[in-house]
K.L.:
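Here it is, the structure, as structure tokens.
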Amino acid sequence: MKEFAYQRAEDVSGAVALLGADPDARFLGGGTNLVDLMKSGVERPGRLVDVRQLPLGAIESTPEGGLRIGATVTNSDLAAHPEVRRRYPLLTQAVLAGASGQLRNMATVGGNLLQRTRCGYFADVTKPCNKREPGTGCPALEGEHHNHAILGASEHCVATHPSDMGVALTALDAVVTYETADGPGELPLADFYLPVGDTPHRETALPPGALITGVTVPPAPVAARSRYRKVRERASYAFAIGSVAAAFDVSDGVVREVRLAFGAVASRPWRARAAERALTGVPAEAENFAAAADAELAAARPLRDNAYKVTLMRNLVVAVLTELAEEAAR
Amino acid sequence: MAPTTSSAITLKINGQNYPLTVDHRTTLLDALRERLDLTGSKKGCDHGQCGACTVLIDGRREVSCLNLAVAAEGREITTVEGLARGDELHPVQQAFLDLDGYQCGYCTPGQICSAVAVIEEHAAGWPSAVTGDVRPEAGPPPLSAEEIRERMSGNLCRCSAYVSIVQAVSRAADTTAGQRRTEPAGTEPLGSGDTGRTADAEAAA
Ligand SMILES: Cc1cc2nc3c(=O)[nH]c(=O)nc-3n(C[C@H](O)[C@H](O)[C@H](O)COP(=O)(O)OP(=O)(O)OC[C@H]3O[C@@H](n4cnc5c(N)ncnc54)[C@H](O)[C@@H]3O)c2cc1C
Ligand code: SF4
Ligand code: FES
Ligand code: FES
């Protein structure tokens, strides 16, 4: 690991000022991704600005009836918060489906959104990788890619975004707020992650040096009936190979409103807009759920070894929506 | 001037202050083991993937291999060495002994620290990934074997002593619940999410 300086920020403007325009400096949240990547040499910062002491650790109701979640709220506190569990059960479920109890106690909301891909080539500095070193190529295209993207990827990078929390927040139309030296700004999660294109190393639309200050979740009555379901290669403590965040309003057997987002299939949490359109106003029946999944997955471009994900996601959508519809009928 | 890449810090571990100078690259785990001779916490993977290095920080379980020592200054650290009260083992330690919650013992300090926190988290009403209904109105789930397995999933055991580990955690949870009933008020477990770190630190103190 390269030697680095360490500073603790006491307030938001201080944190932004400490990081400054130094491309070699990084904010340190829980460190569960950054410290890991520093050990493997993927990240080589010369300076860390620790943001965990910042007064961004609260979860508060907004006047509109949503929630404002501070950037340094730990994943554990987010999942355990009574209002999150009451208003957005899928968000609690998504967070609890990620990592382990120990890691969730450390991981922050800001860091979770900015965690890097788990692509094995990205993590191995002896291998080429367009995301880590632009222009060196993507060995995953022909190599080990069974857990890589089926949607929205390019020939430059087929990595997935590993966050579970982000999938639920995407279904909830959450907005990321940030602070720069020029003042505050905000980005809907839908615009937060950049398309892969030929610049897989540029992952978010955050301005350079921006400190994430929090996430605002708008009110979403539809989320009262919602679910996050994650498929992985062992029962717990593993990244997803596919996941679905769904919220569903069904009355008289007809879908009135639906939110659907997919995890582990793209470079970002994937909002399934085509599926949502196909579902709205139709009878809440398994064949319509399958047709909606097919509408979304028509754009899938699987690789040699990950076509299973297309079937997996289709089945997952049908299973989750069927469960929610049965609950609604009770 | 070259930036400072080491700091003189004081770590508070098991109620005792340890002043030391650390290179910023030093993890809390390496500081404990290599500098302070607190070798109870074990290094399995060094990447947050096995739980062998689990310690309690401000009353909560964390992996010490992804914590930087310099960032742990000012926080209350409890390692497996700090769980017993004198010669009286912590109920979780006693249950692991009584029910053979280990084979080689390498993962055991991490398992025990993790289990101490699992019991607190459950008592505070935290749901888990296998909790059917996470809404607060549904009430806390019983600490079933399934709940214990999920909550302890951050601790791997290469000897696969899982069956007896689950039994030990279950026994310890019962013992702790019994003690809670007989202890005076003021021993509330860590608060539910909305209270944040400060309240938890107070609760742990
Ligand atoms: C073994 C293991 C298993 C895991 N399993 C899962 C899983 O199943 N599902 C899942 O979703 N995740 C999983 N994770 C990932 C984990 O959720 C992330 O590492 C964590 O959420 C990152 O948060 P952090 O606060 O620790 O970020 P850090 O590691 O501190 O930071 C990550 C990045 O965010 C930047 N950053 C941090 N805070 C801010 C801020 N406020 N503003 C701007 N930039 C900031 C940092 O500079 C860094 O670039 C796992 C991790 C490990 C080690
Ligand atoms: S998929 Fe992306 S992250 Fe993985 S090797 Fe290719 S370019 Fe790198
Ligand atoms: S050594 Fe820390 S989790 Fe494995
Ligand atoms: S007892 Fe040997 S690793 Fe768990």
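Residue numbers start from 1 in every chain, and the chains themselves are labelled A, B, ... in the order their sequence lines are given, proteins ahead of strands.
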K.L.:
Is the closest basic N to carboxylate O distance between B:E120 and B:R61 below 4.0 Å?
P.N.:
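No, no charged N to carboxylate O under 4.0 Å.
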K.L.:
Please confirm whether the backbone N or O of A:P45 pairs with a side-chain atom of A:D24, one donor and one acceptor, at under 3.5 Å?
P.N.:
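No, the answer is negative, given that no donor and acceptor are paired below the 3.5 Å cut-off.
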K.L.:
Report which part of B:T27 has an atom under 4.5 Å of a heavy atom belonging to chain A: side chain, backbone, both, or neither.
P.N.:
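Interface part for B:T27: side chain.
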K.L.:
With a 4.5 angstrom heavy-atom cut-off, could you sort out which part of B:E137 is near chain A: side chain, backbone, both or neither?
P.N.:
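Only the side chain of B:E137 comes within 4.5 Å of chain A.
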K.L.:
Examine whether an atom of A:E3 lies under 4.5 Å from a heavy atom of chain B, and if so say whether it belongs to the side chain, the backbone or both; otherwise answer neither.
P.N.:
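It is both, since atoms from each part get that close.
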K.L.:
Heavy-atom distances under 4.5 Å only: say whether A:D50 touches chain B with side chain, backbone, both or neither.
P.N.:
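It is the side chain, since no backbone atom gets that close.
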K.L.:
Flag the pair B:R60 and A:D77 as a salt bridge only when some basic side-chain nitrogen lies within less than 4.0 angstrom of an acidic carboxylate oxygen.
P.N.:
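The answer is yes: the pair qualifies as a salt bridge.
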K.L.:
Under 4.5 Å from any heavy atom of chain B, what part of A:R47 do you find: side chain, backbone, both or neither?
P.N.:
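Neither; nothing under 4.5 Å.
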K.L.:
Look at the side chain of B:T4 and the backbone N and O of B:S6, then say whether any donor-acceptor pair between them is shorter than 3.5 Å.
P.N.:
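No; zero donor-acceptor contacts below 3.5 Å.
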K.L.:
Are B:R75 and B:E62 within salt-bridge range, i.e. N to O under 4.0 Å?
P.N.:
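Answer for the salt bridge query: yes.
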K.L.:
Does a donor on one side chain and an acceptor on the other come within less than 3.5 Å for A:S243 and A:Y228?
P.N.:
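Present: a donor and an acceptor within the cut-off.
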K.L.:
Using a strict 4.0 Å threshold on nitrogen-to-oxygen distance, state whether B:R151 and B:E121 make a salt bridge.
P.N.:
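A salt bridge is absent here (no side-chain N lies under 4.0 Å from a carboxylate O).
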K.L.:
For B:D133, is it the side chain, the backbone, both or neither that has a heavy atom under 4.5 Å from a heavy atom of chain A?
P.N.:
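The answer is neither part of B:D133.
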K.L.:
Measure distances from A:K230 to the heavy atoms of chain B and classify the residue's part below 4.5 Å as side chain, backbone, both or neither.
P.N.:
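No part of A:K230 comes within 4.5 Å of chain B.
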K.L.:
Is it true that A:R68 and A:E60 make a salt bridge, defined as a side-chain N closer than 4.0 Å to a carboxylate O?
P.N.:
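A:E60 and A:R68: not salt-bridged.
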K.L.:
Which atoms of A:L34 are under 4.5 Å from chain B, going by heavy atoms: the side chain, the backbone, both sets, or neither?
P.N.:
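When you check distances to chain B, no heavy atom of A:L34 falls under 4.5 Å.
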K.L.:
Quick test of your reading of the model: are B:D174 and B:R171 salt-bridged, counting only N-O distances below 4.0 Å?
P.N.:
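Between B:R171 and B:D174 there is no salt bridge, as every charged N stays at least 4.0 Å from the carboxylate O atoms.
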K.L.:
Flag the one option from A:R8, A:M38, A:Q93, A:K2 with the top tally of heavy-atom pairs under 4.5 Å to chain B.
P.N.:
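Heavy-atom pair counts peak at A:R8.
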K.L.:
Which atoms of B:C50 come close to chain A, meaning under 4.5 Å heavy atom to heavy atom: side chain ones, backbone ones, both, or neither?
P.N.:
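Contact with chain A is through the backbone of B:C50 alone.
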K.L.:
Any idea which of B:C65, B:G154, B:G74 has the most non-hydrogen atom pairs under 4.5 angstrom with chain A?
P.N.:
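Going by pairs under 4.5 Å, I would pick B:G154.
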K.L.:
Can you tell me which portion of A:T92 sits under 4.5 Å from chain B's heavy atoms? Options are side chain, backbone, both or neither.
P.N.:
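It is the side chain, since no backbone atom gets that close.
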K.L.:
Flag the one option from B:A138, B:S114, B:A129, B:G51 with the top tally of heavy-atom pairs under 4.5 Å to chain A.
P.N.:
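Looking at each option in turn, the highest pair count goes to B:A129.
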